[in-house]
Amino acid sequence: MHLVLYISLTLAGNFRTMKRRKTGIIAILATFIIGMAILYLIGPIAGPMPLWMSILPPLVAIMMAFISKEVLSSLFIGVFTGTFIMALFGGQAPATALGSGLLRTVDTYIVGSLTDQDHVLIIVFTLMIGGMVRIITTNGGMQGIIGWLSRKARGPRSGQLMTFFMDLCIFFDDYSNTLVVGNTMRPIADRLKVSREKLAYIIDSTSAPVAAVAFITTWIGAELSYIQDGINIIGLDSSAYSVFINSLAYSFYPFLTLSFVLMIILSKRDFGPMLKAERKAQAVATANSTTAHDNKVKNHAIDALIPLAVLILGTIGGLLATGYNASVWGHTELGFFSKLSTTIGEANSYIALLWASLLSLLTSIIITLARGTIKLGKIMGEMVEGFKSMFNAVLILTMAWSIALVTKDMHTAEFVSNLLLQWSLSPVLVPALTFILAALIGFSTGTSWGTMAILYPLILPASWLLCQQNGLTTDATMPLFYNVVASVMAGAVMGDHCSPISDTTIMSSLSSQCDHLQHVSTQMPYALTVGTTALLFGVLPSALGIPSWVAFLIAFAVLGLIVRFVGKKI
């Protein structure tokens, strides 16, 4: 109760001052100090931590970010909130818990997020891609690409379409998708007066959905392993791959998101904060972000195309190399695409991206040296400047990983799951509940993969058992089961799209050089629109027995009407 009083004081101060940012920050700090003083006078808190408090770290971080419009400090305070609560309920006095929580924020969670090998790989390949982009900008290669693409993309709509189709082409991995397309299309979007917010939205809302549903992606291995964990508990006589394939008929959010992006582009209509961003970009041309290169250097598009091709082909080659299994390719009963999908699914995507970014960086250096117009010292200096340009994004990623680690230790996902699964429901409502649950967990933790890892082993057996308890036959259960499988993945992607602490959302902001909170605030209304449509006109009707293709047609029509009558011409 004492901690509830403290939290209530803090939140009250926040809500009263949301319209005035500076006053809001002062109120947050003041109520925090007052709350700490109250806790100091009250003394230590006895007993285990109520599980509902596990939602506070991400909630505080998200609220702080939207109030202060500053991400790094907000994420830090979110992590600190978690460490403070854990220390307080670990038997420490408030003053001690305050100091201990502050130290644990750094030595346990920030350092812990940086000692994770996968996280280090992400940081290194992000830095190397930044260095490569800087070099191909300096040597005139990027200007050559811009000149060529600008002749093809003569207006905002054609530029956005080009971005959309480039996203579809790099379907095999969402990370490489966001970094390559964002860095390539950003100068063109600036020239065509397409807002950075719109560019980030197209990239973010295309990369994850297409990677989630395509047959040959870096997602497929994780998805299949999570599904397998669930069906192993049930004892279902089906392969994870066949379950995944059948679930695509119910994957409403990813397919509707892709179609919605296309509708928005083709109609030249927007609504909400995105409309304001687009009108602002039309009124005042966004300053070109690319570094001006030496006027004496000629613009050769090939100098940029080769390193970019090396990055893409190197990623594919790395996926094949790290996922290769002789027994799979020697299996005579498997088809070529099944072997290829299995190989990429079992690959180490982080290592593949690391190799590809290194080769791409080296290629850009060699090509620039071969031209003989820029000396090695200048090239190395530009490479370092490219590393520096990624530093802010690396900091945000690190803090996002830290708060994800806090939510894991505080069992945030388990709390949300248990809260919603306590209700006695009809089996036809389980897919809708699953979608909402996955979206909440994805939003709270900022990870779609983590959401799937938590929910698949939990929700698949629960949904199967519920159907059996309600007397449904296996034939009647399977469509609902496939719908649940799809809803876990779809809800996870939607929650990830709305979350300001999502790594892919951060990387989309990074590659587009868009203010991160502006990207979140402009993308969220679109994600919620598609998510609500997917839930009401896709997930629920299909669970009630309407054929999924009919539900898709209805949902497409609803989105079309929303764009037509809610959206406004730029």
Does the side chain of D167 pick up a donor-acceptor pair with the side chain of S207 at under 3.5 Å? no
Does a donor on one side chain and an acceptor on the other come within less than 3.5 Å for D204 and T178? no
Over all heavy atoms of both residues, which pair between R186 and S512 is shortest? Give the atoms and the distance, please. CD-O, 3.2 Å
Is there a side chain to side chain contact (heavy atoms under 4.5 Å, CB included) between F443 and L440? Walk through the geometry before answering. CA-CA 5 Å; F443 180 79; L440 288 173; 5.8 Å; no
Testing the basics here: between M128 and S357, what is the closest heavy-atom pair and its distance to 0.1 Å? CE-OG, 3.2 Å
Over all heavy atoms of both residues, which pair between I136 and D303 is shortest? Give the atoms and the distance, please. CG2-O, 3.7 Å
Which word best sums up how the rings of Y526 and F260 line up, parallel for under 30°, tilted for 30 to 60°, or perpendicular for over 60°? perpendicular
Nearest non-hydrogen partners of A352 and G318, listed with the distance: CB-C, 3.5 Å
Note, I110 side chain near F76 side chain (heavy atom, < 4.5 Å): yes
Do you see a donor-acceptor pair shorter than 3.5 Å between the side chains of T83 and T105? yes
F80 vs R104, side chain to side chain contact (heavy atoms under 4.5 Å, CB included): CA-CA, chis, key distance, verdict: CA-CA 8 Å; F80 176 49; R104 296 294 84 76; over 6 Å; no
Do L114 and H119 have side chains that get closer than 4.5 Å, going by heavy atoms? no
A side-chain contact here means heavy atoms from C-beta on lying under 4.5 Å apart; do F84 and L102 qualify? no
Does some side-chain heavy atom of I365 sit less than 4.5 Å from a side-chain heavy atom of L369? yes
So do E382 and I374 actually touch side chain to side chain, heavy atoms under 4.5 Å? no
Mind running salt bridge (Lys or Arg N to Asp or Glu O under 4.0 Å) on D515 and R196 for me, showing each step along the way? CA-CA 8 Å; D515 178 83; R196 297 279 179 84; over 6 Å; no
With a 3.5 Å cut-off and no angle check, do the side chains of H497 and Y201 form a donor-acceptor pair? no
Take T206 and T163, measure what side chain to side chain contact (heavy atoms under 4.5 Å, CB included) needs, and give me the verdict at the end. CA-CA 10 Å; T206 306; T163 304; over 6 Å; no
Within the 3.5 Å criterion, strictly below it, is a donor on S502 or S499 matched to an acceptor on the partner's side chain? no
